Enquirer: 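One structure follows; several queries about it will come next.
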Amino acid sequence: MKHCKPEAPPTDLVRIAAPDFDLLRTLDSGQVFHWHPHGAGWVGTIGDQPVFVEQRGKSLWISRGTEDVVRHYFALDHALKEIYATFPADPAMNGALDYCKGITIMQQPAWECVATFITSSLKQVAHIRQMSLAIRKAFGEPVCFSGLELFTYPPPERLALASEKQLRDCKLGFRAKNLLGAARKIADGEIDLQRIGTMDDPEALAELCKLPGVGEKVANCVLLFAYGRLRAFPIDVWIERVLREIYFRGKRSVTASRLKRFSREYFGPYGGYAQQYLFHHARKTYRTPPGS
DNA sequence: CTCCAGGTTCCGG
DNA sequence: CCGGAACATGGA
């Protein structure tokens with residue numbers, strides 16, 4: 001990140017209430033990949049808007065004028081206590097809840113979410129962050145903010161003009177073709193991300209899966225992290241591990257569709273929340289047992 | 001060096 | 001419907 005002019009962390013801040021929210025845990029939970037620590041808080045873009053956010057106890061101190069945007073993006077209106085009350089009360093879920101309390105399911109811009117999760121396949125979170133930042137730097141708009149140069153996420157129309165080689169130079173590997181294809185389908189109007197918001201869950205899932213590089217897992221991430229479908233339950237390698245080792249312990253030949261059906265029925269109306277907590281807890285604490 | 005990572009797609013039973 | 005293999009890249 002370049003310094004475009006010397007300036008300390010922003011001083012024109014306003015306070016908003018965030019009683020049950022945990023900013024650090026939320027930003028570290030593998031939903032978004034572009035926030036930078038800055039002073040005692042964080043800077044990043046929400047859409048085209050550069051924002052500073054710092055948590056002090058039950059309050060967020062944020063750039064003046066970004067109150068509505070921040071509240072929506074971080075889903076500060078989600079009633080976490082009511083959501084927790086719907087979780088199954090088994091030991092694994094209780095452990096995850098204890099570890100993840102305060103994480104919200106965010107409400108990201110749809111395209112940015114689709115694009116970053118297209119690049120996520122077979123990549124660690126640190127790599128997804130690198131690719132996301134490289135794409136912003138190469139194709140996004142620079143925004144000078146609080147002495148830092150931030151970059152917006154390029155819209156589909158912009159990436160549609162890129163070459164596959166340019167995207168590979170952002171270290172996308174085989175994902176370059178998929179991201180380019182998806183950008184083109186959306187820029188051409190063949191897929192309408194706004195209209196997907198009006199569809200029911202199964203229909204929206206099917207529509208998202210028409211994009212190259214988007215299968216059931218990525219589509220569910222997008223439904224969850226961008227469209228507020230809090231029942232969507234993405235099954236990645238971590239969640240599959242949790243399901244098999246805890247909820248299907250000792251059972252053999254458990255198929256993928258079996259896991260899907262179980263997770264849909266067992267985790268309730270906020271299954272997506274349960275999934276995110278189980279994922280984050282497992283990813284942060286899992287160690288392969290010695291000798292196996 | 002080997003293993004694996006917030007998968008998708010294609011191909012053969 | 002199911003399992004297997006290919007696909008790029010870099011951190012552990």
Side-chain angles (χ1 to χ4, degrees), chain A residues 25-35 96 99-100 103 105-106 108 112-135 138 163-183 185 191 205-226 229 232-245 248 251-263 267 271-292:
Chain A
R25 284 179 179 173
T26 300
L27 288 179
D28 189 41
S29 69
Q31 299 185 60
V32 288
F33 306 93
H34 67 285
W35 287 80
Y99 189 84
C100 300
I103 292 175
I105 297 295
M106 297 170 57
Q108 304 176 37
E112 184 179 320
C113 187
V114 169
T116 56
F117 277 94
I118 282 176
T119 67
S120 76
S121 80
L122 284 194
K123 277 294 181 187
Q124 295 180 352
V125 169
H127 299 151
I128 303 170
R129 179 175 292 110
Q130 288 175 12
M131 292 184 288
S132 161
L133 294 174
I135 289 168
S163 66
E164 189 179 324
K165 161 101 171 59
Q166 285 179 299
L167 289 175
R168 279 181 181 267
D169 288 343
C170 296
K171 307 304 178 187
L172 293 201
F174 64 84
R175 305 156 194 81
K177 188 190 294 286
N178 291 333
L179 182 58
L180 182 57
K185 279 197 175 188
I191 300 289
L205 185 81
E207 194 68 9
L208 286 167
C209 287
K210 291 180 182 172
L211 293 168
V214 178
E216 202 163 336
K217 188 269 172 184
V218 168
N220 272 309
C221 283
V222 174
L223 285 183
L224 185 58
F225 301 141
R229 308 302 174 89
F233 197 100
I235 298 179
D236 74 315
V237 290
W238 290 100
I239 286 297
E240 179 157 354
R241 200 171 285 159
V242 169
L243 292 175
R244 288 185 187 281
E245 291 183 7
F248 288 86
K251 307 203 173 182
R252 44 187 58 259
S253 64
V254 180
T255 64
S257 68
R258 176 90 185 279
L259 295 178
K260 210 169 82 178
R261 187 162 55 81
F262 170 78
S263 50
F267 292 101
Y273 258 94
Q275 177 277 155
Q276 185 63 11
Y277 283 30
L278 291 168
F279 165 80
H280 184 62
H281 183 230
R283 188 170 78 84
K284 290 294 188 175
T285 63
Y286 186 91
R287 296 288 179 279
T288 54
S292 78

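Everything numeric in this text was worked out from a predicted model, so none of it was measured. Chain identifiers are assigned alphabetically (A, B, ...) following the order of the sequence lines, protein sequences preceding nucleic acid strands; residue numbering begins at 1 within each chain.
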Enquirer: CZ of A:R129 versus P of B:dG6: gap in Å, rounded?
Expert: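 Between P of B:dG6 and CZ of A:R129: 11 Å.
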
Enquirer: Please state the P separation for the pair C:dG3 and B:dG6 - nearest whole angstrom.
Expert: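 Those two atoms are separated by 23 Å.
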
Enquirer: How many Å lie between CG on A:L27 and C1' on B:dG6, as a whole number?
Expert: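 Computing the A:L27:CG to B:dG6:C1' distance gives 17 Å.
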
Enquirer: For this output row, return yes or no: ring centroids of A:F33 and A:F117 closer than 6.0 angstrom.
Expert: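 Distance test on ring centres: under 6.0 Å, yes.
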
Enquirer: For A:F279 and B:dG6, say yes or no: do the ring centres fall under 5.5 Å of each other while the ring planes differ by less than 30°?
Expert: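 One would call A:F279 stacked on the B:dG6 base.
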
Enquirer: Reckon A:R258 touches a base, only the sugar-phosphate, or nothing at all at heavy-atom distances under 4.0 Å?
Expert: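 No contact.
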
Enquirer: B:dG6 P sits how many Å from A:Q108 CD, rounded?
Expert: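 Computing the A:Q108:CD to B:dG6:P distance gives 16 Å.
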
Enquirer: Grab the NZ-P distance between A:K177 and B:dG7 for me, whole Å please.
Expert: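 Value for this atom pair: 21 Å.
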
Enquirer: Return the polar atom pairs (N/O with N/O) between nucleotides 8-12 of chain C and the protein under 3.5 Å, or none.
Expert:
| residue | atom | partner | partner atom | Å |
| --- | --- | --- | --- | --- |
| C:dA8 | OP1 | A:R168 | NH2 | 3.1 |
| C:dA8 | O4' | A:F174 | N | 3.3 |
| C:dA8 | N3 | A:R175 | NH2 | 3.3 |
| C:dT9 | O2 | A:K123 | NZ | 2.5 |
| C:dG11 | OP1 | A:Q130 | NE2 | 3.4 |
| C:dG11 | O4' | A:H127 | NE2 | 3.4 |

Enquirer: Got a sec, which residues hit side-chain hydrogen bond (donor to acceptor under 3.5 Å, both in side chains) with A:R244, two or more places apart in sequence or on another chain?
Expert: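 Residues passing side-chain hydrogen bond (donor to acceptor under 3.5 Å, both in side chains) with A:R244: A:E240.
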
Enquirer: Let me know the distance between OH of A:Y286 and C1' of B:dA5, rounded to the nearest Å.
Expert: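 Whole-Å distance recorded here is 14 Å.
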
Enquirer: Does A:K185 have more than 12 heavy atoms from other residues, nucleotides or ligands lying within 6.0 Å of its NZ?
Expert: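 Yes, enclosed.
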
Enquirer: Identify all pairs in which a protein N or O lies below 3.5 Å from an N or O of nucleotides 9-13 of chain B, and state each distance.
Expert:
| residue | atom | partner | partner atom | Å |
| --- | --- | --- | --- | --- |
| B:dT9 | OP1 | A:G213 | N | 3.3 |

Enquirer: Regarding A:S253, tell me which of base, sugar-phosphate or nothing describes its non-hydrogen contacts under 4.0 Å with the strands shown.
Expert: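 No contact.
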
Enquirer: Which part of the nucleic acid, if any, lies within reach of A:E240 when heavy atoms closer than 4.0 Å are counted: base, sugar-phosphate only, or nothing?
Expert: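 No contact.
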
Enquirer: Between P on B:dG6 and CZ on A:F233, what's the gap in Å once rounded to a whole number?
Expert: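 Spelled out: CZ on A:F233 to P on B:dG6 is 17 Å.
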
Enquirer: Please work out which of the three classes, parallel, tilted or perpendicular, describes the rings of A:F248 and A:F262, given edges at 30° and 60°.
Expert: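 The rings of A:F262 and A:F248 stand perpendicular, inter-plane angle above 60°.
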
Enquirer: A:L167 has an atom CG; how far is it from atom C1' of C:dC7, in whole Å?
Expert: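 Taking CG of A:L167 and C1' of C:dC7, I get 17 Å after rounding.
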
